[in-house]
Asker: 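Quick one: the structure is below, questions incoming.
Order of the sequence lines fixes the chain letters, A, B, ..., with proteins taken first and strands second; residue numbering starts at 1 for each chain.
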Amino acid sequence: MAAILSLISSFKLVTNENIPQKGAKRASEFIKQYDNIKHKAFSSVRTTKLQVKTSIEKTSLIRQMKVLVSYVESGSVDNALQLFDEMDKRSSFVWNLVIRVLTNNGFFVEALDLYDQMCFKGVRADKFTFPFVIKACGGCLDVFEGQKVHAKLFIVGLDLDLHICNSLILMYAKVGCIEFAEKVFDEMPVRDLVSWNSMIQGYILVNDGLSSLECVCKMQQHNFQPDRFTIVSALHATSLVCSVLKGKEIHALVIKSKLQCNEMVHTSLLDMYGKCGNICYAERVFNMSSCIHVAAWNAMIRGYALNGQPFESFTCLRKMQENGLKSDYVSLINLLPSCSQVGSLLSSKTVHAYAIRMGFLPHIVLDTALIDMYGKCSEPKLAKLVFDQMHQRNLISHTTLISALGQNGQYRDALRIFFDMWSDGFKADAMTITAILPVYYEIASLREGKQIHGYVVKLGICSNTYVLNSLTYMYSRCGDLVSARDVFDGILLKDVISWNSIIMAYAIHGYGEISVSLFSEMKKKGVNPNSSTFVSVLTSCSVSGMVEEGWNYFTEMKIEHGIDPCIEHYGCMLDLLGRVGDLNKAKELITKMPLELTSRIWGSLLAASRQHKDVELAEFAAKQILSIESDNTGLYVLLSNLYAETGRWEDVRRVKSIMESQNLKKTVGLTMVDIKDKTFKFKDQDRSHEHSYLIYNVLDIILKDPYNNLIKFKPVDLLKKKSKSADWHSVRLAVCCGLISTPIGSPILVRKNVRICEDCHDVMKKISLICHRKIIVGDSKIFHHFEHGQCSCRGYW
DNA sequence: TTAGGGTTAG
């Protein structure tokens with residue numbers, strides 16, 4: 001400032017009055033000098049003013065940055081964004097901070113948008129920018145964007161940066177590209193503990209517990225000591241491979257590393273023992289700890305539910321509250337599977353009400369767990385109600401509802417939700433497909449089932465074992481055994497469900513011998529059969545009348561595999577004894593059964609009695625069914641048919657009168673046939689098809705054919721007072737529709753919603769003989785393959 | 001300023 005004042009005072013001295021008269025040249029030089037001084041003086045004033053301004057701005061910027069850092073560290077996204085907007089100068093440091101706050105708070109799309117803006121404005125992204133941008137790509141599950149960022153790293157020379165590579169490993173694992181994660185990890189010039197932990201965690205993200213555990217070993221071989229993050233991941237990996245032995249090894253490592261008091265490690269230990277089916281060890285670890293926190297109680301609640309101890313789960317919640325700890329929403333999420341296991345709707349509703357009272361709802365995970373629980377408690381309407389009231393839905397909530405509706409016979413509603421899900425922009429995954437496929441084989445045609453197969457290919461999940469297992473079963477249930485076998489053969493990693501599906505497929509198509517040979521092959525491949533495998537194998541024996549083999553498998557199940565027979569296994573054995581007419585042994589088996597007798601069991605005896613025209617035994621079985629359920633329509637229909645077949649018309653009328661008085665209506669028979677890209681449905685005596693005239697003419701010709709002696713005389717026809725209705729049963733119309741619409745010699749596949757009647761069964765044999773066609777009829781129980789006048793069921797169904 | 005975590009739905 002002093003220099004400025006001195007300059008100004010010297011400027012005052014230089015005036016025209018002071019210029020010497022005779023020294024014009026000197027004066028001119030003098031003036032020039034003064035001009036220079038004047039210019040310099042102004043210049044200096046300007047610079048100084050700028051310096052002051054810059055200094056003030058700098059102080060303000062530092063203050064703004066300090067505030068911004070505090071917003072970022074406290075996760076105040078809105079404040080951080082507002083301050084960012086107000087800032088005139090934004091260095092890459094500032095951009096990094098805002099991208100970081102967005103990423104760390106789950107605003108992945110917004111973080112990527114900001115990164116794009118940063119690049120557009122020419123601000124250079126640095127080694128601090130990329131870890132957050134890569135994390136955002138992983139958060140969005142956007143592998144395409146992730147690869148774009150990865151490509152840029154090569155251009156800017158940051159492709160081998162330690163922290164950036166650590167981020168890339170997790171990003172690639174999150175989007176399921178574990179091979180890329182491995183490549184990044186392998187090519188890293190330097191790795192730290194985080195690199196190893198990221199790779200270990202990465203394998204868990206793709207459900208590869210084995211590789212994760214191998215990585216833990218390799219890490220130690222490279223002289224890296226596991227920390228709490230390594231241990232937590234290793235315990236998770238152990239749960240994935242379900243190995244208590246491996247879990248105990250990690251437990252020893254926990255003790256060696258003195259990490260057993262760490263809350264996260266402690267919870268992970270409890271979770272691991274619970275998930276590996278060793279709840280006793282979980283209890284020991286739990287009881288040994290002095291400081292029990294909410295997460296530990298929650299892990300125990302879940303553990304009991306997973307191990308089929310629902311009452312202990314409830315006790316755990318009560319004890320937790322008695323210990324002065326408040327249950328949280330996770331406690332309820334973990335408790336809900338126990339509610340469905342107990343099967344008490346009252347307790348389920350109580351938990352639901354408690355969640356509302358505590359203000360835990362709406363919550364996307366808790367709501368989804370409630371949908372699942374109501375589905376398993378056979379309350380699809382309540383499941384739908386919870387879904388409708390959700391504020392936010394995702395793929396899992398949609399899939400859970402589809403399962404809940406499908407499992408409870410609400411097929412149309414399940415399909416509606418499936419299509420709504422698509423229109424709402426949710427892309428189905430393997431679990432969704434597994435949930436919807438049973439709905440397809442229950443109500444849809446083979447054509448529609450094939451469309452779903454096409455979707456599976458388009459979705460890129462055609463190598464998923466769960467999906468392929470469901471497709472195998474779908475094809476078999478839709479009547480296409482060849483495609484079922486093709487899908488099964490294409491499963492690279494066949495699990496026990498794959499084998500169960502194909503064994504059951506051949507069983508329901510009447511090829512029991514192939515089923516049992518597949519069962520032998522399965523065992524040779526080292527796959528252990530489970531309870532469901534034996535249901536499939538015993539069904540095979542039943543449909544093919546293999547009595548001795550059936551008893552052998554029934555014994556093998558218990559002796560060699562330690563599987564106690566359940567009601568389904570007994571049902572299969574009864575069907576088998578009924579098929580060969582050994583009704584006395586069937587009765588004996590029922591009396592020796594150590595289980596509560598169900599209508600399914602008595603139904604098997606009733607069916608066998610009807611097949612062998614044993615009216616007395618049928619009436620006994622019917623009485624037993626009536627004592628369990630009074631509105632079993634099938635029972636009355638079966639009994640009525642038996643009375644008609646044995647000429648007991650008075651009893652037929654009596655049964656019909658009971659049905660009318662109880663308002664029980666026989667299921668309307670429907671048969672579906674696929675012709676090109678259309679599915680045609682026929683009712684009995686249906687005339688809705690545009691070529692009905694032709695269909696009826698063809699049927700008349702077939703029925704009048706000299707092969708007519710194949711069709712037995714049925715007393716039931718007398719009851720129909722010479723009506724032609726039996727001649728025009730839906731299955732015959734559908735098959736004739738197939739005959740006139742498909743190339744000569746090609747097979748015809750139709751599906752019925754009820755059992756095929758004996759009359760139609762004979763007509764089908766005749767059509768296959770005189771038309772030289774293979775006719776496949778799927779009824780509500782099995783598929784009949786008619787060829788050369790014979791049926792695969794050999795007359796028993 | 002940098003990366004990673006437990007008990008949570010199909």
Side-chain angles (χ1 to χ4, degrees), chain A residues 65 68-69 72-73 91-101 103-104 126-135 138 161-171 173 192-202 204-205 227-236 239 262-272 274-275 293-303 328-337 360 363-373 375-376 383 386 390 393-404 406-407 428-436 466:
Chain A
M65 290 235 240
L68 186 60
V69 168
V72 171
E73 282 173 354
S91 61
S92 54
F93 176 80
V94 170
W95 285 92
N96 291 351
L97 278 174
V98 184
I99 292 173
R100 176 184 154 196
V101 78
T103 302
N104 286 350
D126 57 22
K127 64 175 185 175
F128 299 115
T129 321
F130 288 108
F132 297 113
V133 173
I134 293 164
K135 189 178 174 183
D161 179 273
L162 176 67
H163 296 122
I164 291 174
C165 285
N166 289 347
S167 311
L168 281 172
I169 292 168
L170 274 176
M171 183 273 290
D192 64 359
L193 184 58
V194 179
S195 319
W196 284 98
N197 284 351
S198 300
M199 203 60 234
I200 291 163
Q201 173 72 3
I204 289 169
L205 289 170
D227 66 355
R228 64 187 199 280
F229 295 112
T230 324
I231 298 288
V232 166
S233 299
L235 289 168
H236 193 155
S239 312
N262 178 281
E263 273 194 17
M264 280 187 291
V265 173
H266 184 238
T267 310
S268 298
L269 266 174
L270 300 174
D271 179 59
M272 179 273 294
K275 281 183 179 153
H293 41 98
V294 177
W297 283 101
N298 289 350
M300 289 305 292
I301 293 170
R302 178 80 178 162
D328 61 8
Y329 67 96
V330 181
S331 317
L332 301 193
I333 290 166
N334 289 356
L335 185 71
L336 285 171
F360 293 152
H363 184 282
I364 193 160
V365 180
L366 184 52
D367 276 321
T368 308
L370 282 165
I371 294 171
D372 185 53
M373 179 269 294
K376 291 196 170 100
V386 174
M390 283 174 83
R393 297 178 193 127
N394 61 12
L395 178 64
I396 302 178
S397 48
H398 278 91
T399 306
T400 310
L401 182 65
I402 290 167
S403 282
Q407 283 162 10
D429 68 0
M431 298 290 271
T432 322
I433 296 298
T434 314
I436 199 66
Y466 297 124

Asker: Nearest 0.5 Å, what's the CE-CG distance between Met171(A) and Asn166(A)?
Answerer: 13.0 Å
Asker: Contact class for Asn262(A) (heavy atom, under 4.0 Å): base, sugar-phosphate, or nothing?
Answerer: nothing
Asker: Heavy atoms of chain A, cut-off under 4.0 Å: which first and last nucleotide of DNA chain B, 5' to 3', fall inside that, if you could look?
Answerer: dT1(B) to dG10(B)
Asker: Select base, sugar-phosphate, or nothing to describe what His266(A) touches, counting heavy atoms under 4.0 Å on all strands.
Answerer: nothing
Asker: When rounded to the nearest 0.5 angstrom, what distance separates CE in Met199(A) from CD1 in Ile204(A)?
Answerer: 11.0 Å
Asker: Looking at every strand, decide which applies to Asn394(A) at a 4.0 Å heavy-atom threshold: base, sugar-phosphate, or nothing.
Answerer: base
Asker: How is Asn197(A) classified with respect to the nucleic acid when contacts are heavy atoms under 4.0 Å: base, sugar-phosphate, or nothing?
Answerer: base
Asker: Look at the rings of Tyr329(A) and Phe360(A) and say which category their plane angle falls in: under 30° parallel, 30 to 60° tilted, over 60° perpendicular.
Answerer: perpendicular
Asker: Identify whether any heavy atom of Phe132(A) sits under 4.0 Å from a base atom; if not, whether one sits that close to sugar-phosphate; answer base, sugar-phosphate or nothing.
Answerer: sugar-phosphate
Asker: Are Ile200(A) and Thr230(A) packed together at the side-chain level, in the sense that at least one heavy-atom pair is separated by less than 4.5 angstrom?
Answerer: yes
Asker: Mind checking Thr432(A) for me? I need base, sugar-phosphate or nothing, with any heavy atom below 4.0 Å counting as a touch.
Answerer: base
Asker: What contact category does Ile364(A) fall into here, base, sugar-phosphate, or nothing, at under 4.0 angstrom with non-hydrogen atoms?
Answerer: base
Asker: Identify whether any heavy atom of Ile134(A) sits under 4.0 Å from a base atom; if not, whether one sits that close to sugar-phosphate; answer base, sugar-phosphate or nothing.
Answerer: nothing
Asker: Which is true for Lys127(A) with a 4.0 Å heavy-atom rule: it touches a base, it touches only sugar-phosphate, or it touches nothing?
Answerer: base
Asker: Name all residues meeting the side chain to side chain donor-acceptor pair (under 3.5 Å) criterion together with Asn334(A); count only those two or more places apart in sequence or in a different chain, and write none if there are none.
Answerer: none
Asker: Holding to salt bridge (charged side-chain N to carboxylate O under 4.0 Å, His left out), I want the full list of residues that pass it with Asp367(A), two or more places apart in sequence or in another chain.
Answerer: none
Asker: Which part of the nucleic acid does Val194(A) contact within heavy-atom distance under 4.0 Å: base, sugar-phosphate only, or nothing?
Answerer: base
Asker: Less than 4.5 Å apart, side chain to side chain, heavy atoms only: is that true for Lys135(A) and Ser167(A)?
Answerer: no
Asker: Using a cut-off of 4.0 Å on non-hydrogen atoms, how would the nucleic acid contact of Asn96(A) be classed: base, sugar-phosphate, or nothing?
Answerer: base
Asker: Please work out if Asp328(A) contacts a base, only the sugar-phosphate, or nothing of the nucleic acid, heavy-atom cut-off 4.0 Å.
Answerer: nothing
